[in-house]
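To start, the structure itself, in structure tokens.
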Amino acid sequence: MSLRSILSTFGRKPSSVRPGTPSVHVTSRCKLHGHPDFQIRVSSSAVQPEDISFLLQFFEQRVAQGEKFRSGESLQVGWMFTMLEEGPAGFLRVLEPDMKVVPVKFVDSVDSTLMQLRNQKDVVGSLYPPVEPDFPSLRQSVVVNVNYKEASRILLTRNETVNAVDSGWWLSDLDDEASLEDPTRFIKTSLYQLGVHRPDLIQFFAVPVGLQVAVDGARISVLGPVEEVRQIPGSYLSELNKVRQRAISAGQASEG
């Protein structure tokens with residue numbers, strides 16, 4: 001099952017959910033259709049209330065349409081691979097990877113799922129002309145430079161996939177000149193492992209095929225086949241660049 005077909009509505013639903021302290025949220029209408037209700041746990045105040053409502057309403061709508069969900073099934077939300085588990089009082093609990101260890105360890109939370117989905121959509125939504133997000137799966141593979149864990153100047157390239165296990169992503173270290181002529185400087189790993197070691201890069205994973213993301217100091221740019229893609233003023237990516245620039249400027253001032 002996948003949420004990709006309804007991601008265009010993500011974040012547009014009104015909500016009465018209040019963020020802040022750790023909390024558990026449940027659906028209330030699934031049992032009307034003879035189906036267990038769902039339970040999700042949110043621990044971070046960074047999770048947007050409308051995104052919590054979106055996930056709950058998605059389950060209610062799909063159950064109302066006749067879809068059945070069962071304990072032990074997997075569910076892809078954006079790039080995230082989640083699991084359903086029978087919880088207390090007959091609820092179906094949504095679990096997500098802890099994003100800390102390899103192999104995957106599932107925990108009772110949807111924090112990473114919703115925050116990363118929000119950030120990935122906001123990155124793509126920052127671009128003009130508009131493009132649609134293309135969500136890979138964290139189970140798919142990525143080719144990375146051997147220095148990927150510590151590289152500071154990075155080029156992420158999204159190519160056409162060659163098979164179902166390939167995400168199309170390729171990570172180059174712009175400071176590793178030896179890799180230009182040495183293919184052994186690249187290895188294949190999973191997007192999940194890349195996300196564990198480089199959580200700062202997860203937000204770019206839904207940039208579609210044919211584009212590149214260059215991360216170079218204070219500047220994050222998205223490159224098209226011919227020229228740099230414009231960033232909408234005031235958008236997520238535009239504001240992120242401002243924050244990075246201020247941080248670097250503040251660091252340089254303190255060193256002076």
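Note that the numbering runs from 1 along the sequence shown for the chain.
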- Message: On a heavy-atom basis, which atom in D216 and which in R153 lie closest, and how many Å separate them?
- Response: OD1-NE, 3.1 Å
- What closest approach, in Å, do T161 and G168 show between heavy atoms, and which atom pair accounts for it? CG2-N, 3.8 Å
- Query: Given side chains that start at C-beta, do those of L92 and S71 come closer than 4.5 Å, heavy atoms only?
  - Reply: yes
- Message: Holding to salt bridge (charged side-chain N to carboxylate O under 4.0 Å, His left out), I want the full list of residues that pass it with R219, two or more places apart in sequence or in another chain.
- Response: E228
- Do you know which two heavy atoms are closest between K100 and V196, and how far apart they sit? O-CG1, 3.5 Å
- Item | Same apolar cluster: V102 and M80, side chain cutoff 4.5 Å | yes
- Query: For P133 and K121, which heavy atoms make the closest approach, and how far apart are they?
  - Reply: CG-NZ, 4.4 Å
- Search all heavy atoms of V229 against all heavy atoms of G224 and return the closest pair with its distance. CG2-N, 3.8 Å
- Query: Any link between V104 and V165 through a network of hydrophobic side chains (Ile, Leu, Val, Met, Phe, Trp, Tyr) touching at under 4.5 Å?
  - Reply: no
- Query: Got more than 12 heavy atoms from elsewhere within 6.0 Å of CD, E177?
  - Reply: no
- Is the H197 ring parallel, tilted or perpendicular to the Y148 ring (thresholds 30°, 60°)? tilted
- Item | Close side-chain approach of L55 to I40, heavy-atom, < 4.5 Å | yes
- Query: Taking ILVMFWY side chains as joined if any heavy atoms are under 4.5 angstrom apart, and letting links pass through other members, which residues group with L180?
  - Reply: none
- Query: What residues, two or more places apart in sequence or in another chain, satisfy side chain to side chain contact (heavy atoms under 4.5 Å, CB included) together with R244?
  - Reply: V215, I220, L240, N241
- Query: Do other residues, nucleotides or ligands put more than 12 heavy atoms under 6.0 Å from the NZ atom of K31?
  - Reply: yes
- Message: Could you work out, with side chain to side chain contact (heavy atoms under 4.5 Å, CB included) as the rule, every residue matching V146, not counting sequence neighbours?
- Response: R185, I187
- Item | Straight-line distance of L56 CG to R29 CZ, nearest 0.5 Å | 13.0 Å
- Task: State which residues pass side chain to side chain contact (heavy atoms under 4.5 Å, CB included) with K105; sequence neighbours excluded, sorted by chain then number.
- Result: D98, V101
- Quick one: do R62 and F69 satisfy side-chain contact (heavy atoms from CB on, under 4.5 Å)? Show the steps, please. CA-CA 9 Å; R62 296 297 283 266; F69 298 87; 4.0 Å; yes
- Hey, could you give me the OG/NE2 distance between S23 and H25, rounded to the nearest 0.5 Å? 3.0 Å
- Could you tell me the separation between the CZ atom of R230 and the OG atom of S126, rounded to the nearest 0.5 Å? 12.0 Å
- Message: Return the NZ to OG distance between K188 and S141, rounded to the nearest 0.5 Å.
- Response: 4.5 Å
- Any ring pair (Phe, Tyr, Trp, His ring centres under 6.0 Å) involving residues 90-134? Give me the pairs, sequence neighbours left out, ordered by first then second residue. none
- Message: Tell me the closest heavy-atom pair linking S190 and L138, and the distance in Å.
- Response: CB-O, 4.1 Å
- To which residues is V143 joined in a hydrophobic cluster, defined by side-chain heavy-atom contacts under 4.5 Å among Ile, Leu, Val, Met, Phe, Trp and Tyr, whether direct or through other members? W170, F186
- Message: Once rounded to the nearest 0.5 Å, what's the spacing between atom CD of E239 and atom CD of Q231?
- Response: 10.5 Å
- Item | For S249, side-chain hydrogen bond (donor to acceptor under 3.5 Å, both in side chains) partners two or more places apart | Q245
- Pair listing, side chain to side chain donor-acceptor pair (under 3.5 Å) test, anchored in residues 80-89, at least two apart: E85-R93
- Message: Go through it in stages, so that I can follow the logic: the residues are C30 and F38, the test is side-chain contact (heavy atoms from CB on, under 4.5 Å), and I'd like the CA-CA distance, side-chain angles, deciding distance and then a yes or no.
- Response: CA-CA 8 Å; C30 295; F38 293 83; 3.8 Å; yes
Hey, can you pull the donor-acceptor pairs under 3.5 Å for the side chains in residues 200-214, sequence neighbours left out?
{"residue": "D200", "atom": "OD1", "partner": "R198", "partner atom": "NE", "Å": "3.0"}
{"residue": "D200", "atom": "OD2", "partner": "R198", "partner atom": "NH2", "Å": "2.9"}
{"residue": "Q203", "atom": "OE1", "partner": "Y236", "partner atom": "OH", "Å": "2.6"}
{"residue": "Q203", "atom": "NE2", "partner": "D200", "partner atom": "O", "Å": "3.0"}
{"residue": "Q212", "atom": "NE2", "partner": "T157", "partner atom": "OG1", "Å": "2.8"}

- Query: Does any N or O in the side chain of S235 come within less than 3.5 Å of the main-chain N or O of I232, such that one atom is a donor and the other an acceptor?
  - Reply: yes
- Query: Under 3.5 Å, is there a donor-acceptor pair between the side chain of D182 and the main chain of A178?
  - Reply: no
- Query: Going through the checks in order, is the ring pair (Phe, Tyr, Trp, His ring centres under 6.0 Å) test met by F81 and Y192?
  - Reply: CA-CA 10 Å; F81 181 75; Y192 175 70; 10.0 Å; no
- Query: Between E50 and Q57, is any pair of side-chain heavy atoms under 4.5 Å apart?
  - Reply: no
- Examine distances only and state if a side-chain atom of Q116 and a backbone atom of T113 form a donor-acceptor pair shorter than 3.5 Å. no
- Return yes if some donor-acceptor pair links the side-chain N/O of S172 with the main-chain N/O of L174 below 3.5 Å, else return no. no
- Message: Would you say V63 ends up clustered with L32 if hydrophobic residues are merged whenever their side chains have heavy atoms under 4.5 Å apart, either directly or through other cluster members?
- Response: no
- Task: Treating Ile, Leu, Val, Met, Phe, Trp and Tyr as nodes and any side-chain heavy-atom pair under 4.5 angstrom as an edge, say whether V24 and V94 lie in one connected cluster.
- Result: no
- Is there a donor-acceptor pair closer than 3.5 Å between any side-chain N or O of Q120 and the backbone N or O of L117? no
- Indicate yes or no: at least one non-hydrogen side-chain atom of R158 is less than 4.5 angstrom from one of P136. yes
- Item | Minimum side-chain heavy-atom gap M99-P199 below 4.5 Å | no
- For H33, which residues count as a ring pair (Phe, Tyr, Trp, His ring centres under 6.0 Å) partner, sequence neighbours excluded? none
- Side chains of M83 and E73: does their closest heavy-atom pair fall under 4.5 Å? no
- Which residues share a side chain to side chain contact (heavy atoms under 4.5 Å, CB included) with S109, sequence neighbours left out: E96, V107, D111
- Note on the structure: One should read off an interatomic distance between D173 CG and N145 CG, to the nearest 0.5 angstrom, of 5.0 Å
- Item | Single-linkage hydrophobic cluster, 4.5 Å side-chain cutoff, L155 and V222 together | no
